[in-house]
Number of protein chains: 2
Amino acid sequence: MPNHSESLDRVFQALADGTRRDIVARLVRGPASVSQLAQPLDMSLPAVMQHLQVLEACGLVRSEKVGRVRTCRIEPQVLRTAEEWIARQRTSWEQRLDRLDDLLAQQPPEQSSEQGSTS
Amino acid sequence: MPNHSESLDRVFQALADGTRRDIVARLVRGPASVSQLAQPLDMSLPAVMQHLQVLEACGLVRSEKVGRVRTCRIEPQVLRTAEEWIARQRTSWEQRLDRLDDLLAQQPPEQSSEQGSTS
DNA sequence: TGGATACTTAAGCAGTCACTTGACTGTCCG
DNA sequence: CGGACAGTCAAGTGACTGCTTAAGTATCCA
């Protein structure tokens with residue numbers, strides 16, 4: 001059970017900021033330079049750079065410098081790993097509900113005594 | 001573009017911690033008391049309580065106290081909103097790729113001049 | 001060459017986070 | 001009653017965040 005994953009920590013942490021989600025949402029529709037990314041954002045350039053560093057550190061964004069322009073693009077696999085962790089939890093919960101429904105359908109006369117330990 | 005959503009901030013922030021992901025993963029397979037949740041975790045009870053407060057504050061977990069026992073359970077809708085934000089970005093990216101493929105297939109002889117502004 | 005352009009680095013700062021310990025409040029049960 | 005149990009409150013601490021300003025460094029172009 002690798003819930004203590006440095007990598008998931010970093011991805012969710014990166015997504016936990018509206019500015020960084022803005023940047024991701026922008027890059028999803030095509031690559032952009034640092035100043036193109038900064039333009040709609042209400043903060044200094046260095047601040048934007050720091051957000052980009054967070055996004056690059058977790059692998060959500062890759063960038064490449066040509067001449068004096070750094071061009072950034074998203075790296076959707078990492079987005080997917082985060083999505084998959086959530087999906088795994090959700091489906092796990094749905095499966096549990098299904099099993100519970102089955103049990104209740106089969107054994108009508110019984111006092112509700114749930115509580116964990118489905119291990 | 002509601003990327004600046006307090007609520008998404010809080011959910012992703014909550015998921016950005018391995019201990020809290022452990023708790024979610026545990027609750028996904030059934031409700032549990034605070035001390036049941038704390039038992040496998042290598043930290044003080046108050047620390048676990050604080051993690052639970054974060055999870056409750058963002059709506060990922062709901063809890064109810066009966067007698068001296070507080071029972072916690074997950075609230076999967078919130079999990080879903082986070083999943084959906086990511087999915088939206090990913091599918092948006094995939095659609096862009098498809099459009100790009102179509103263009104390249106139709107116009108073979110052309111210099112690559114991408115760069116944003118698909119607005 | 002020399003001035004814009006496009007980042008980059010560094011330092012600093014207020015605020016938040018993830019814990020801790022210690023003291024306390026209720027509840028259950030013998 | 002009285003002690004164990006389950007949880008809670010409060011204060012403190014060291015590390016990390018998200019920003020800022022000021023001062024660079026590299027291109028590019030007229």
Side-chain angles (χ1 to χ4, degrees), chain A residues 3-24 26-27 31-58 60-73 113 115-117, chain B residues 3-24 26-27 31-58 60-73 113 115-117:
Chain A
N3 290 322
H4 272 287
S5 147
E6 282 279 324
S7 142
L8 275 179
D9 277 18
R10 277 195 293 260
V11 178
F12 283 129
Q13 180 68 12
L15 295 178
D17 181 284
T19 301
R20 281 188 302 255
R21 286 197 304 278
D22 280 346
I23 292 176
V24 167
R26 168 61 189 79
L27 289 180
S33 72
V34 172
S35 28
Q36 280 176 337
L37 291 172
Q39 183 251 309
L41 301 175
D42 190 25
M43 64 184 67
S44 67
L45 235 212
V48 175
M49 291 278 296
Q50 284 163 30
H51 283 302
L52 282 173
Q53 277 161 23
V54 172
L55 290 168
E56 281 208 64
C58 74
L60 270 172
V61 164
R62 185 167 38 94
S63 79
E64 192 186 5
K65 194 160 181 178
V66 175
R68 54 185 170 169
V69 176
R70 175 171 299 278
T71 301
C72 310
R73 55 194 75 228
S113 90
Q115 209 75 323
S117 60
Chain B
N3 290 322
H4 273 287
S5 148
E6 281 278 324
S7 146
L8 275 180
D9 277 17
R10 277 196 294 262
V11 179
F12 283 128
Q13 179 69 4
L15 294 179
D17 181 285
T19 300
R20 282 189 302 256
R21 285 196 305 275
D22 280 346
I23 293 177
V24 167
R26 167 64 188 80
L27 289 178
S33 71
V34 173
S35 27
Q36 281 175 335
L37 290 173
Q39 183 251 309
L41 301 176
D42 189 26
M43 64 183 66
S44 67
L45 235 211
V48 175
M49 293 277 297
Q50 285 166 29
H51 283 302
L52 282 172
Q53 277 162 23
V54 172
L55 290 167
E56 281 209 62
C58 73
L60 271 172
V61 163
R62 184 169 38 96
S63 80
E64 193 187 5
K65 194 163 180 176
V66 175
R68 56 182 166 169
V69 176
R70 175 171 300 275
T71 301
C72 308
R73 57 194 74 230
S113 92
Q115 211 77 320
S117 60

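In what follows, chains carry the letters A, B, and so on, assigned in the order in which the sequence lines appear, proteins first and then strands, with residues in each chain numbered from 1.
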Q.
Ignoring hydrogens and geometry beyond distance, is the side chain of B:Gln50 in donor-acceptor contact with the base of C:dT20 at under 3.5 Å?
A.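 Checked by distance alone, the answer is yes.
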Q: For residues B:Leu15 and B:Arg21, report the shortest heavy-atom separation together with the two atoms involved.
A: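 Heavy atoms of B:Leu15 and B:Arg21 come nearest at O-NH1, 2.7 Å.
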Q) What is the minimum heavy-atom distance between B:Thr71 and B:Pro31, and which atoms define it? A)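 Answer, listing the atom of B:Thr71 first, then B:Pro31: CG2-CB, 3.9 Å.
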From [options], nucleotide with atom closest to [X] side chain:
{"X": "A:Arg70", "options": "C:dG22, C:dC7, D:dG7", "value": "C:dC7"}
{"X": "A:Asp17", "options": "D:dG18, C:dT20, C:dT9", "value": "D:dG18"}
{"X": "A:Met43", "options": "C:dC7, D:dT20, D:dG7", "value": "D:dT20"}

Whole angstrom is fine here: how far is it from [atom1] in [X] over to [atom2] in [N]?
{"X": "B:Asp9", "N": "C:dC17", "atom1": "CG", "atom2": "P", "value": "11 Å"}
{"X": "B:Leu52", "N": "C:dC19", "atom1": "CG", "atom2": "C1'", "value": "15 Å"}
{"X": "A:Gln39", "N": "C:dT5", "atom1": "CD", "atom2": "P", "value": "15 Å"}
{"X": "A:Leu41", "N": "D:dT20", "atom1": "CG", "atom2": "C1'", "value": "16 Å"}
{"X": "A:Gln53", "N": "D:dG18", "atom1": "CD", "atom2": "P", "value": "12 Å"}
{"X": "B:Leu45", "N": "C:dT25", "atom1": "CG", "atom2": "C1'", "value": "14 Å"}
{"X": "B:Arg21", "N": "C:dA18", "atom1": "CZ", "atom2": "P", "value": "12 Å"}
{"X": "A:Met49", "N": "C:dA10", "atom1": "CE", "atom2": "P", "value": "12 Å"}

Q | Side chains of A:Leu27 and A:Leu60 in contact at under 4.5 Å (non-hydrogen atoms) | A |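 They are not in side-chain contact.
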Q) Any side-chain heavy-atom pair from A:Ser63 and A:Leu52 closer than 4.5 angstrom? A)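 No, side chains not in contact.
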Is there a side-chain contact between [X] and the phosphate of [N], meaning an N or O under 4.0 Å from OP1 or OP2?
{"X": "A:Ser33", "N": "C:dC7", "value": "yes"}
{"X": "A:Arg68", "N": "D:dT25", "value": "no"}
{"X": "A:His51", "N": "D:dT17", "value": "no"}
{"X": "B:Ser44", "N": "C:dT20", "value": "yes"}
{"X": "A:Lys65", "N": "D:dA26", "value": "no"}

(Q) Please check: side-chain N/O of B:Arg20 versus main-chain N/O of B:Ala14, any donor-acceptor pairing under 3.5 Å? (A)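 Side chain of B:Arg20 to backbone of B:Ala14: a pair is present.
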